[in-house]
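Inspection log for the structure reproduced underneath, given as structure tokens.
Note that ligands are numbered from 1 as they come in the structure, with each ligand's atoms numbered from 1 the same way. One-based numbering along the sequence shown.
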Amino acid sequence: MDEKELIELKKDTIILAHNYQTPDIQAIADFVGDSLQLCQQAARVDKPYILFCGVDFMAESAVMLNPDKTVLMPDLGSKCPMAAMLPAERVREEKAMHPDAAVVLYINTWVEARAESDVTCTSANAVKIVKALPQRKILFGPDANLAWHVQKNLPKKEVVPIPYKGHCRVHVRFKKDDLLSLIAEHPDAEVLIHPECRPEVQEIADLILSTGGMERHVRQSKARKFIIGTETGLIYKLKQQNPGKEFIPALSSAVCVNMKKHTIDKVLTELREKKNVVKVDPALARRARKSLERMLELS
Ligand code: 13P
Ligand code: SF4
């Protein structure tokens with residue numbers, strides 16, 4: 001496809017892409033960011049179509065924020081497996097057992113479960129959101145490692161992970177010993193780790209950050225070298241923005257196959273055909289939207 005055709009096809013469509021998308025998709029996207037930034041962008045779209053290059057929960061959030069727009073995905077099979085770890089029924093059971101607790105659900109959760117929550121969060125704002133709530137006890141899910149990070153930062157709160165061991169299959173593969181070896185090899189590197197990593201990995205990081213937080217930090221840091229503890233897709237963007245700096249993946253095989261179901265060919269086909277419409281039950285969407293809007297207010 002030539003540049004002219006691409007411009008023509010994008011007249012009625014905005015392309016939003018997550019930081020883990022491949023370089024060719026990032027290059028033609030209108031905005032590339034983390035889950036929170038993508039929600040904030042989705043709330044401001046002024047075109048009738050949003051082509052979302054990210055996993056299901058992100059595109060569904062865009063649908064909730066834009067009931068009058070059409071949200072498309074290059075591949076409707078791009079789903080985050082962590083979301084399946086917390087069905088709505090489990091949230092209802094936990095609420096009945098802890099009636100004094102607020103329910104904070106990571107955005108990586110099915111819409112039906114999010115409809116049961118008081119407020120949604122992302123890795124960028126989880127600590128801020130929990131801190132802002134008046135309740136001491138917080139039911140937090142599905143990521144138990146992010147729950148650990150929140151608890152560590154807010155010792156006066158009682159953060160109860162639901163389920164007990166919810167996790168991201170990509171980020172739990174980062175190992176403490178591998179990271180310690182990398183740090184020994186590159187003692188001058190700053191170590192940036194995503195809060196979906198295990199506690200023992202988080203404990204040896206210089207900073208725990210969302211992918212958008214890593215991007216901001218690298219831009220203003222005086223360090224020249226960084227060990228990046230998240231999916232490797234982010235490194236493309238970091239290199240583009242910081243040509244003089246060096247980036248070492250904490251785990252070079254950390255690739256989210258679900259995010260990578262989108263390809264540039266599928267993006268271009270979808271721009272032309274507009275067939276893969278993301279659908280969310282309107283009644284559930286209205287309930288889950290309240291939790292999402294509360295997050296945007298508190299962010
Ligand atoms: P971010 O919001 O930090 O980009 O994380 C999204 C995600 O799915 C991490 O695996
Ligand atoms: Fe889900 Fe993990 Fe992939 Fe993020 S990296 S979309 S949390 S499976």
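- Remark: of the listed residues R44, K11, K47, K10, K10 is the sole one forming a salt bridge (charged side-chain N to carboxylate O under 4.0 Å, His left out) with D30.
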Would you list the atom pairs, donor with acceptor, under 3.5 Å between side chains in residues 182-189 and any protein atom, with sequence neighbours excluded?
unit_1	atom_1	unit_2	atom_2	d
H186	ND1	K225	NZ	3.0

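- Under 3.5 Å, the side chains of S291 and S117 contain a donor-acceptor pair of N or O atoms.
- By the neighbour-count criterion of 12 heavy atoms within 6.0 Å, atom NZ of K128 is sparsely surrounded, having that number or fewer from other residues, nucleotides or ligands.
- Linking ILVMFWY side-chain heavy atoms closer than 4.5 Å, directly or via other members, places M97 and V160 in two distinct hydrophobic clusters.
- With Y20 as the partner, the side chain to side chain donor-acceptor pair (under 3.5 Å) test is satisfied by one option alone out of T230, T232, N258: T230.
- For ligand 2 and E196, the ligand atoms under 4.0 Å from any heavy atom of the residue are 2 (Fe), 7 (S).
- The salt bridge (charged side-chain N to carboxylate O under 4.0 Å, His left out) with E231 is formed by just one residue from the set R169, K260, R173, K237; it is K260.
- Protein N, O or S atom count below 2.8 Å of atom 1 (Fe) of ligand 2: the structure gives 1.
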Please tabulate, for the side chains in residues 191-210, all donor-acceptor contacts under 3.5 angstrom to protein atoms that are two or more places apart in sequence or on a different chain.
unit_1	atom_1	unit_2	atom_2	d
H194	ND1	E196	N	3.2
H194	NE2	S123	OG	3.4
E196	OE1	H171	ND1	3.0
E196	OE2	Y106	OH	2.5
R198	NE	V172	O	3.0
R198	NH2	V172	O	3.3
Q202	NE2	N145	O	3.3
Q202	NE2	P195	O	2.9
Q202	NE2	C197	O	2.8
D206	OD2	V191	N	2.7
S210	OG	D34	OD2	3.0
S210	OG	G212	N	3.4
S210	OG	G213	N	3.0

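- Contact atoms of ligand 2 toward Y20: 5 (S) (distance under 4.0 Å to a heavy atom of the residue).
- The shortest heavy-atom distance from E231 to ligand 2 is not under 4.0 Å.
- Looking at T263 and D265, their side chains never bring a donor and an acceptor atom within 3.5 Å of each other.
- Between S61 and R114 there is a side-chain heavy-atom pair separated by less than 4.5 Å.
- Within the 4.5 Å cutoff, the side chain of L38 has heavy atoms near those of the H18 side chain.
- Under 4.0 Å from any atom of ligand 1, one finds heavy atoms of residues H18, Y20, D34, S35, N108, S123, H171, H194, E196, S210, T211.
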